[in-house]
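Okay, so here's the structure we're looking at.
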Number of protein chains: 2
Amino acid sequence: MRKMIAASLASRVGHDRGYWNRRRWEARMKRVTIYAVAEACGVSASTVSRAFSRPEIVNDELRERILVTAREMGYQMNRAARGLATGRTGMVGLMVPDITNPFFPPLVRAIQQAAAQIDSSVMLVDADERASAEPELISRLKAQVDGLIIASPRAATGSLTEAVGGLPAVVINRTVPGMSAVVCDNSAALTEAGRHLQELGHRRVALIGGPAASWAARRRAAAIRAWAEKSEVELIELGSFGASYEGGREAAVAFAGSAATAAFAFDDLMACGVLAGLAEAGVPVPEARSVVGCDDVLLARTVTPNLTTVTAPVAELGRVAVDLLQQNLNGGAPEQIVLEGTLALRGTTGTPA
Amino acid sequence: MRKMIAASLASRVGHDRGYWNRRRWEARMKRVTIYAVAEACGVSASTVSRAFSRPEIVNDELRERILVTAREMGYQMNRAARGLATGRTGMVGLMVPDITNPFFPPLVRAIQQAAAQIDSSVMLVDADERASAEPELISRLKAQVDGLIIASPRAATGSLTEAVGGLPAVVINRTVPGMSAVVCDNSAALTEAGRHLQELGHRRVALIGGPAASWAARRRAAAIRAWAEKSEVELIELGSFGASYEGGREAAVAFAGSAATAAFAFDDLMACGVLAGLAEAGVPVPEARSVVGCDDVLLARTVTPNLTTVTAPVAELGRVAVDLLQQNLNGGAPEQIVLEGTLALRGTTGTPA
DNA sequence: TTGAAAGCGCTAACAC
DNA sequence: GTGTTAGCGCTTTCAA
C-alpha cells in the first residue's frame with residue numbers, strides 16, 4: 001500500500017513542475033512517519049502514536065523501545081497531522097503593539113520560554129503601533145493558533161472582543177471583559193514614588209500623560225492623581241504625548257516651561273526623551289528637575305543619570321499569561337491576575353533647587 | 001455522510017472528558033469547511049479548494065461567487081489541513097540569539113512583515129544568548145516550518161549545518177556554507193569612520209573587541225585592522241568583552257587606562273557601556289575621548305551625546321532574508337547578498353585634547 | 001473547467 | 001495494553 005503511493009508519486013515527479021516538486025517529493029520520501037517506526041518495532045501505528053501522546057498508557061518496556069527506535073530513525077512528529085486530527089495546533093499567537101518598544105522584547109522572551117515549557121510554539125505578530133490593524137491581525141492569527149496572548153492592545157474593546165471571537169485569549173496590561181488578563185499594577189509604586197518626591201521637597205509635580213488610547217496610561221494617571229489629591233502636592237497635567245522618545249522630548253519643553261520641579265512620565269521611553277529634552281535646554285537633572293519613569297526597560301539603566309522608575313515583573317507577566325492561557329485552553333473560565341510593580345530609586349530624583 | 005460524522009461526534013460528547021471535549025466539539029461543529037462552502041454554492045469541494053489555491057484555473061464568475069459566499073460564511077482555511085496535504089506549513093522559523101538586544105526587534109518586525117506579504121507566518125524562538133542551545137532549538141523548529149531564518153547565530157558552523165539538515169535556511173550577518181545569507185558589510189563605513197577620526201587628529205585608537213564567537217565581531221575587527229594598517233594610526237586592541245552594556249563598562253576601564261584617544265566598540269550596546277564607564281570615571285566625551293559604535297540601535301540615538309555609529313539597513317536586511325528564503329523554497333540555490341552599512345556622524349567623536 | 005476519490009500523518013473510539 | 005478503523009480538511013491526480 002505504502003509502496004503504491006510511493007510509485008504514484010514517483011511517476012508524477014517526471015513531468016509537471018520540475019525541480020520544485022522533485023524536492024518536495026524527496027523531502028516526503030525521506031520523512032519518517034509513525035508507520036515506519038511501527039513497522040520497525042513490529043507494532044501498530046496507534047501504539048507508536050500513544051507512546052508519544054499518552055506514554056503512560058503503553059507498556060513501559062515497549063514504550064522505551066519505540067521511543068528509542070523513533071529517535072534512531074530520526075522520527076519527528078508532523079504537527080500539521082496531529083493538528084488536523086486533534087483540532088489543536090500547538091501554537092499560541094502573540095500580538096505586540098510594537099516590538100521595537102523596549103518593554104516588549106523581555107516579555108516576548110518570557111512568553112516564548114513559558115510556551116516551550118508546555119510544548120507550544122509562539123507565532124508572533126507586530127501591530128506596528130497601528131491600533132486599527134489589530135483586529136485584522138488577530139483574525140488572521142486566530143485560524144492558526146490554539147489561543148492568543150495580546151500584549152497591551154491599543155484597539156477598542158469591542159473590536160478586540162469581536163476579532164477574538166471566543167478563542168481563548170489573555171490580554172496583558174489591560175482588561176477586556178470575557179478574557180483572561182494579567183496586569184501589572186503600578187499604583188502603589190507610583191504612590192510611593194510620589195511620597196518620595198514629596199519628602200525630597202517637591203511641591204509641584206507634573207504628570208506627562210501617555211497616549212489617550214492607552215489603558216495603562218489611564219491607570220497610571222489615575223494613581224498619580226489619587227496620590228496628589230491626598231497629599232499637599234499640586235499636580236500639573238501636561239496633556240498627552242506619544243509614547244515615544246520623541247514624545248518625551250516634546251513634553252520636556254512643556255515641563256521646563258512649567259512651575260513643576262518634578263515629573264512623572266508615562267513610561268521610560270518618554271522619560272528618557274524628557275531627560276534628553278531637559279539636557280538640551282540646559283536643565284540639570286536631578287539638580288533642577290526630577291523625573292520618574294515607569295517600566296524599567298533597558299534604557300532606564302543605560303541613560304545617565306540612571307532613571308528612577310517603576311520596575312515591572314516582566315518575566316513573571318509572561319509566565320502568568322501563558323499559564324492563564326493554558327487554563328483557558330483546558331476549559332477554565334477567564335481570570336484576572338494582578339502583579340505589583342516596585343519602585344526603583346535611581347539617579348533622576350533629587351532635592352529641588 | 002457528513003451528517004453521520006456529526007452524529008457520531010455528538011454521541012461521543014456525552015461521555016468522556018467532559019467540558020474540555022465539549023468545547024472542542026462545539027468549536028469543530030461551528031467550523032466552516034470547504035465542504036460547507038461547496039454545498040452552499042452547489043459545487044464540489046475541489047472547486048472551492050481551487051478557487052483559493054489556484055484561482056486562475058476556475059471560471060471567473062464561479063470563483064467570484066465562491067469567494068463571496070466563503071467570506072459571508074466566515075470561512076477560514078485550516079492551515080493544518082492544507083499543510084498535511086501539501087507538505088507546506090506556511091510558516092517560517094525565526095531564531096534570534098537575544099531578542100532583548102536592541103538590534104533584533106526592528107529586524108524581527110521587518111521579517112514578520114515581509115513574511116506576511118508572502119502569506120507566511122513567523123514562528124519565533126529566542127536562544128537566550130546560549131550558543132549551545134541553538135542547534136536544539138533549530139531542530140525543534142525544523143519540523144514545523146517550511147524554512148528558517150537564523151539571525152546572527154553564535155553556534156559553530158558544523159552544528160548549525162547539521163541542525164538545519166537541508167531545510168531551506170538563510171542566515172543573517174554570518175555566512176554558513178550551503179545556506180543563503182544576507183550580511184551587512186560595515187567595512188567601508190568603519191574605514192570611513194577611521195579616516196574621520198584621523199582627520200580629527202586621533203593617532204592612537206583602541207579596538208574594543210566583541211565576543212570571540214561572533215562572526216560579525218571578527219569581520220568588524222578585520223576591517224578596522226586593515227584600515228589601521230594602511231594609515232598612520234596605532235591600533236590598540238583591548239581584548240574581547242561581552243557584547244553587552246556591562247561588557248562596555250568593563251572595557252571603558254581598559255580604554256581610559258590606555259593611551260588611545262578614540263575607540264571602536266563592537267556594537268552600540270557596548271559603546272553605550274563605554275560611554276557610561278567613561279562618564280563614571282569623569283572622562284568627558286567627546287572632549288577627552290571619542291567613541292564610535294556599530295548598528296545604530298535605538299540606544300545610539302537616546303544616549304547623550306548621541307553616538308557616532310554605523311547604521312545598518314535593518315529593514316532591508318529582513319526583507320532580503322525573506323526573499324532569499326522564498327527563492328530557496330522554490331528550489332533556488334543558496335545565494336549570498338551583501339548590504340552596506342553607512343556612517344552616521346553624531347556627538348561622540350571630536351578633536352582629541 | 002469541474003467532479004470523484006484517494007491520500008497527507010496522526011488520533012481516538014471501539015473491539016479484542 | 002494493543003490493533004483496527006475511520007476520520008480531521010485540504011490538495012491533487014484522473015476522468016469526464
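Bear in mind the structure is a predicted one, so any value in this text is a computation, not a measurement. By convention in this document, chain letters (A, B, ...) are assigned in the order of the sequence lines, proteins followed by strands, and residues within each chain are numbered from 1.
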Checklist outcome for this item: The correct set of residues in residues 43-51 of chain A placing a heavy atom under 4.0 Å from DNA chain D is A:V43, A:S44, A:S46, A:T47, A:R50
Item to check | Sub-4.5 Å side-chain heavy-atom contact between B:M179 and B:Q336 | outcome: no
Item to check | Heavy-atom side-chain contact between B:E72 and B:V68 under 4.5 Å | outcome: yes
Checklist entry - Do any of residues 69-77 of chain A sit with a heavy atom less than 4.0 Å from DNA chain C, and if so which? => result A:Y75, A:M77
Checklist entry - CD of B:Q144 versus P of C:dC8: gap in Å, rounded? => result 21 Å
Checklist outcome for this item: As a check of understanding: the bend across the helix from C:dT1-D:dA16 to C:dC16-D:dG1, end axes from five pairs, rounded to 10 degrees, works out to 30°
Item to check | A:R140 with A:E136: basic N within carboxylate O range, under 4.0 Å | outcome: yes
Checklist entry - B:R54 has an atom CZ; how far is it from atom P of D:dC10, in whole Å? => result 17 Å
Checklist outcome for this item: Here the distance between atom P of D:dG9 and atom CG of B:N78, to the nearest Å, is 7 Å
Checklist entry - In terms of side-chain heavy atoms, does A:Q144 have a donor or acceptor partner in B:S121 at a distance below 3.5 Å? => result yes
Checklist entry - Given the rule in the side-chain contact (heavy atoms from CB on, under 4.5 Å) test, do A:Q117 and A:R319 qualify, once you have shown the distances and angles that lead to the verdict? => result CA-CA 10 Å; A:Q117 294 290 316; A:R319 272 197 305 276; over 6 Å; no
Checklist entry - Starting at CD1 of B:I66 and ending at P of D:dT11, how long is that distance when rounded to a whole Å? => result 13 Å
Item to check | Length of the line joining A:R79:CZ and C:dG9:C1', which is rounded to integer Å | outcome: 14 Å
Checklist entry - Atom CD1 of A:I34 and atom C1' of D:dC8: how far apart are they, to the nearest Å? => result 14 Å
Checklist entry - Do A:Y35 and C:dC10 have a side chain to base donor-acceptor pair shorter than 3.5 Å? => result yes
Checklist entry - Are A:I138 and A:L160 close enough that some pair of their side-chain heavy atoms sits under 4.5 Å apart? => result yes
Checklist entry - Among side-chain atoms of B:T47 and B:S44, is any donor-acceptor pair under 3.5 angstrom? => result yes
Checklist entry - So, B:R54 and B:S49: side-chain donor and acceptor under 3.5 Å apart, yes or no? => result no
Checklist entry - Are any of the side-chain heavy atoms of A:V176 and A:R174 separated by less than 4.5 Å? => result yes
Item to check | Separation of D:dT12 P from B:R88 CZ (nearest whole Å) | outcome: 11 Å
Next on the checklist: The side chain of A:N59 is closest to which nucleotide in this list: D:dT2, C:dA12, C:dC10?
Outcome noted: D:dT2
Checklist entry - Passes salt bridge (charged side-chain N to carboxylate O under 4.0 Å, His left out), A:E56 versus A:R63? Steps please. => result CA-CA 9 Å; A:E56 67 282 5; A:R63 168 166 30 78; over 6 Å; no
Checklist entry - Expressed in angstrom and rounded to an integer, what is the separation of B:I57 atom CD1 from D:dC14 atom C1'? => result 13 Å
Checklist outcome for this item: Of the listed C:dT11, D:dC10, C:dG9, the closest approach to the B:T33 side chain comes from D:dC10
Checklist entry - What's the closest nucleotide to the A:L84 side chain, out of D:dT2, D:dT11, D:dG9? => result D:dG9
Next on the checklist: Could you tell me if the side chain of A:I150 sits less than 4.5 Å from the side chain of A:V170, heavy atoms only?
Outcome noted: no
Checklist entry - Taking it one step at a time, do B:R79 and B:D119 satisfy salt bridge (charged side-chain N to carboxylate O under 4.0 Å, His left out)? => result CA-CA 11 Å; B:R79 299 195 78 118; B:D119 201 42; 3.5 Å; yes
